[in-house]
Amino acid sequence: MVKLKTKTIRVLFASSEAEPFYKIGGLGDYSGSLPNALAALSLKNGPKIDIRVVLPLHDPSTIDKFSLSEEFSLSFDSGPGTVTGKIYSTHFNDITYYFIRQISPKNLSTDVYDSNQNTNAYKFAFFSMACIKMLSHLDWQPDILHANDWHSALMIHQINHLKITNDSGKTIRTVLAIHNMPFMGYGSEKILQDFMINPISTDSIPEWAQHLPLPMGIASTDKIIAVSPTYAEELKTNYFAYGLENYFIENAKKLSGIINGIDTKQWDPSTDKLILQKYSLNSIHERSKNKHALLNDLGLDSNTDRPLLIVISRLENQKGIDLLLDALTSIAHLNWNAIILGSGHHGYEHAFQALEREQPSKIRAFIEYNAALARKLYSSGDMILMPSLYEPCGLSQMIAMRYGCVPIAHAVGGLKDSIITKPETKRTGFLFDNPTTSDFINCIETTLNMYQNKDQWLTIQMNGMKMDYSWSRSARKYADIYNELLG
């Protein structure tokens, strides 16, 4: 652990989404939880982290919903003309949040991410430039800028390019967290020209990537943090780095991996108000009441000895949905029920609905986002299926294990880091190595066979429930990196 060298570390944390203000996926969970965990470190004799969060104001209704205060207006030049914005703020959980609103030209979309690449490119280029401009108006200056994914990576590029310093005259050090490498900010090329943002020029980044926000941030940042140790290693391969693997290999010293955590107060089966029967390690036998009630409500065989498979996922190719559909069709002759919850690609949505029609006595498919139902599934399911082709971190497996639901997952990224398979006495789940239907089916069949041994299965459930998935240890690792940069 790095010895603390500064009394207070001031961090500006930039993200496109953060719960409870905006949440679309795992980034919203991460950005809603990590700042709180970092701020809490000072309460446990750790370094004092003075952290503030900056977000785009995606939807003007956020102003009234969260009682935002207008702070000031700002403007800056772009190729087509002057652009203007407003800065709002609020305090939530003792943390200051800034919101950047695009005024002119007006952003007509209120979605966090628009289906139009150009709309997204303009929104996040404006957000990045306005954030840099905002710093000159504040009486608080960061020591560290912590950006996330392509949406805020341009901030790092501009701080590096313009050699921006804080009020102590020191260069602002930068950290870029990578949550989803394939999304680099495509469609930004013309927008960056409009904002007079120069591309990078380095032999270590391919020419095609030199004008894309994420590679620009990667090349400019002081430290790159992948959201799990295995994902950090995977980024050194073409399959996971999408052509930037040589940069990660050559700059391995500035790349590290820190696995995400979950909010263990929010995700706690002993206090969860949305599940029928609360339970804990000491009362895990009560858990079967949730399964029986759910199966009965859905018109499925309510025999709790019959294993219940659950899927809680975006229905996208990345999540291994093709493997999932093939496997559920191939093991139809075995004894199980399955409940699928998710939405996404229309082809996959229709495929799961068709699967329910083909196997009405075994399968229920809910094509929607339903947070309450997800909690019921975590507290009722015996196994959660996660055959992701890549999974930088993943949170569902951690939540599932905390609720006594055993993961069956592809051994990639954070899935590999968080699910224990050896030694057998410490097992918390099951992993398969190759993203093929046959390997996935073999893993499911192995798990179903082990489910028949009730004592062994109970041990696996309890091992998972005992694991510490909180943010505290990961937050300490982030704080160590901040302090190392300032040292």
Side-chain angles (χ1 to χ4, degrees), residues 17 23-30 112-113 115 149 178-183 226-228 230-231 234-235 239-240 242 259-260 262 308-331 338-356 363-371 373-374 377-378 381 383-401 405-419 429-444 447:
E17 54 178 288
K23 179 185 178 312
I24 300 299
L27 179 57
D29 293 303
Y30 171 95
V112 175
Y113 308 115
S115 58
D149 276 352
I178 298 181
H179 305 258
N180 212 336
M181 188 67 202
F183 296 91
V227 291
S228 69
T230 293
Y231 192 47
E234 290 170 344
L235 288 176
Y239 182 81
F240 292 97
Y242 297 86
I259 196 163
N260 293 344
I262 59 173
L308 174 59
L309 314 178
I310 66 168
V311 176
I312 303 171
S313 177
R314 293 197 320 274
L315 303 184
E316 306 291 348
N317 179 63
Q318 176 219 333
K319 298 298 183 179
I321 303 302
D322 291 307
L323 295 178
L324 195 54
L325 288 164
D326 289 345
L328 290 177
T329 300
S330 299
I331 63 170
I339 302 173
I340 293 93
L341 173 63
S343 61
H345 191 281
H346 293 317
Y348 289 140
E349 293 179 348
H350 296 322
F352 279 114
Q353 289 169 333
L355 204 59
E356 178 180 342
I363 294 177
R364 294 291 180 270
F366 294 89
I367 308 302
E368 58 183 292
Y369 172 81
N370 188 324
L373 179 56
L377 294 180
Y378 285 126
M383 305 145 201
I384 185 168
L385 305 179
M386 299 185 68
S388 302
L389 302 183
Y390 73 94
E391 193 66 70
C393 180
L395 300 178
S396 295
Q397 78 279 11
M398 299 183 201
I399 298 169
M401 288 186 283
C405 181
V406 176
I408 302 174
H410 184 202
V412 289
L415 298 175
K416 184 176 181 180
D417 290 330
S418 60
I419 299 170
F430 298 80
L431 295 170
F432 62 98
D433 291 324
N434 300 307
T436 63
T437 301
S438 59
D439 269 26
F440 186 29
I441 290 173
N442 287 338
C443 192
I444 294 173
T447 310

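Positions are given from 1 along the sequence.
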query: Can you tell me how far the CD atom of Q397 sits from the CG atom of L395, to the nearest 0.5 Å?
result: 7.0 Å
message: Quick check for you: to the nearest 0.5 Å, what is the distance between Y30 atom OH and D149 atom CG?
response: 9.0 Å
- prompt: CG of N442 to OG1 of T436: how many Å apart, nearest 0.5 Å?
  reply: 8.0 Å
Among L328, L309, I321, I310, the one residue meeting side-chain contact (heavy atoms from CB on, under 4.5 Å) with I340: L328
message: Which residues pass the side chain to side chain contact (heavy atoms under 4.5 Å, CB included) test with F183, not counting sequence neighbours?
response: W150, N180, Y390
task: With sequence neighbours excluded, tell me which residues meet salt bridge (charged side-chain N to carboxylate O under 4.0 Å, His left out) with D29.
output: K23
- request: For side chain to side chain contact (heavy atoms under 4.5 Å, CB included), just list the numbers for Q318 and L389, CA-CA rounded to whole Å, side-chain angles, deciding distance to a tenth of an Å, and then say yes or no.
  value: CA-CA 5 Å; Q318 176 219 333; L389 302 183; 5.5 Å; no
Non-hydrogen atoms of I312 and A374 that approach each other most closely: CD1-O, 3.8 Å
- request: Might you point out which heavy atoms bring E356 and R364 nearest each other, and give the distance in Å?
  value: OE2-CD, 3.6 Å
statement: Nearest heavy-atom contact between M401 and P407 is CG-CD, 3.5 Å
Verdict with supporting geometry, M398 and C393, side chain to side chain contact (heavy atoms under 4.5 Å, CB included): CA-CA 10 Å; M398 299 183 201; C393 180; 3.8 Å; yes
field: With H345 via ring-ring contact (aromatic ring centres under 6.0 Å, His included) - residues at least two apart
entry: Y348
query: When you measure from the side chain of E17 to the backbone N and O of L27, does any donor-acceptor pair fall under 3.5 Å?
result: no
- prompt: Say you draw a straight line from OG of S343 to CD of E316; how long is it, rounded to the nearest 0.5 Å?
  reply: 8.5 Å
field: Close side-chain approach of D417 and Y231, heavy atoms under 4.5 Å
entry: no
query: Backbone N or O of I367 within a donor-acceptor pair of the E349 side chain at under 3.5 Å?
result: no
field: Step-by-step side chain to side chain contact (heavy atoms under 4.5 Å, CB included) determination, T329 to L355
entry: CA-CA 8 Å; T329 300; L355 204 59; 3.5 Å; yes
field: Stepwise side chain to side chain contact (heavy atoms under 4.5 Å, CB included) test for F240 and V412
entry: CA-CA 10 Å; F240 292 97; V412 289; 4.3 Å; yes
Spatial distance of atom OG1 (T437) from atom CG (D322) [nearest 0.5 Å]: 8.5 Å
message: Please enumerate all residues that pass ring-ring contact (aromatic ring centres under 6.0 Å, His included) together with Y378, with sequence neighbours excluded.
response: W267
D439 side-chain N/O to P435 backbone N/O, donor-acceptor pair under 3.5 Å: no
- prompt: Less than 4.5 Å apart, any side-chain heavy atom of Y242 and any of M181?
  reply: yes
Minimal non-hydrogen separation, V227 against P392, with atom names: CG2-CB, 3.5 Å
- request: Specify the closest pair of heavy atoms between A226 and L235, including all atoms of both residues, with the distance to one decimal.
  value: CB-CD1, 4.0 Å
task: Return yes if some donor-acceptor pair links the side-chain N/O of E391 with the main-chain N/O of P387 below 3.5 Å, else return no.
output: no
message: Using modelled atom types and a 3.5 Å cut-off, is there a donor and acceptor pairing between side-chain atoms of E234 and backbone atoms of G413?
response: yes
query: Sequence neighbours excluded, which residues qualify as ring-ring contact (aromatic ring centres under 6.0 Å, His included) partners of F432?
result: H410, F440
- line: Rounded to the nearest 0.5 angstrom, the CE-CD1 distance for M383 and I444 is 9.5 Å
- request: Quick one: closest heavy-atom pair of G414 and I259, and the distance?
  value: O-CD1, 3.9 Å
field: Partners meeting side chain to side chain contact (heavy atoms under 4.5 Å, CB included) with A409 (sequence neighbours left out)
entry: M386, L415, I419, L431
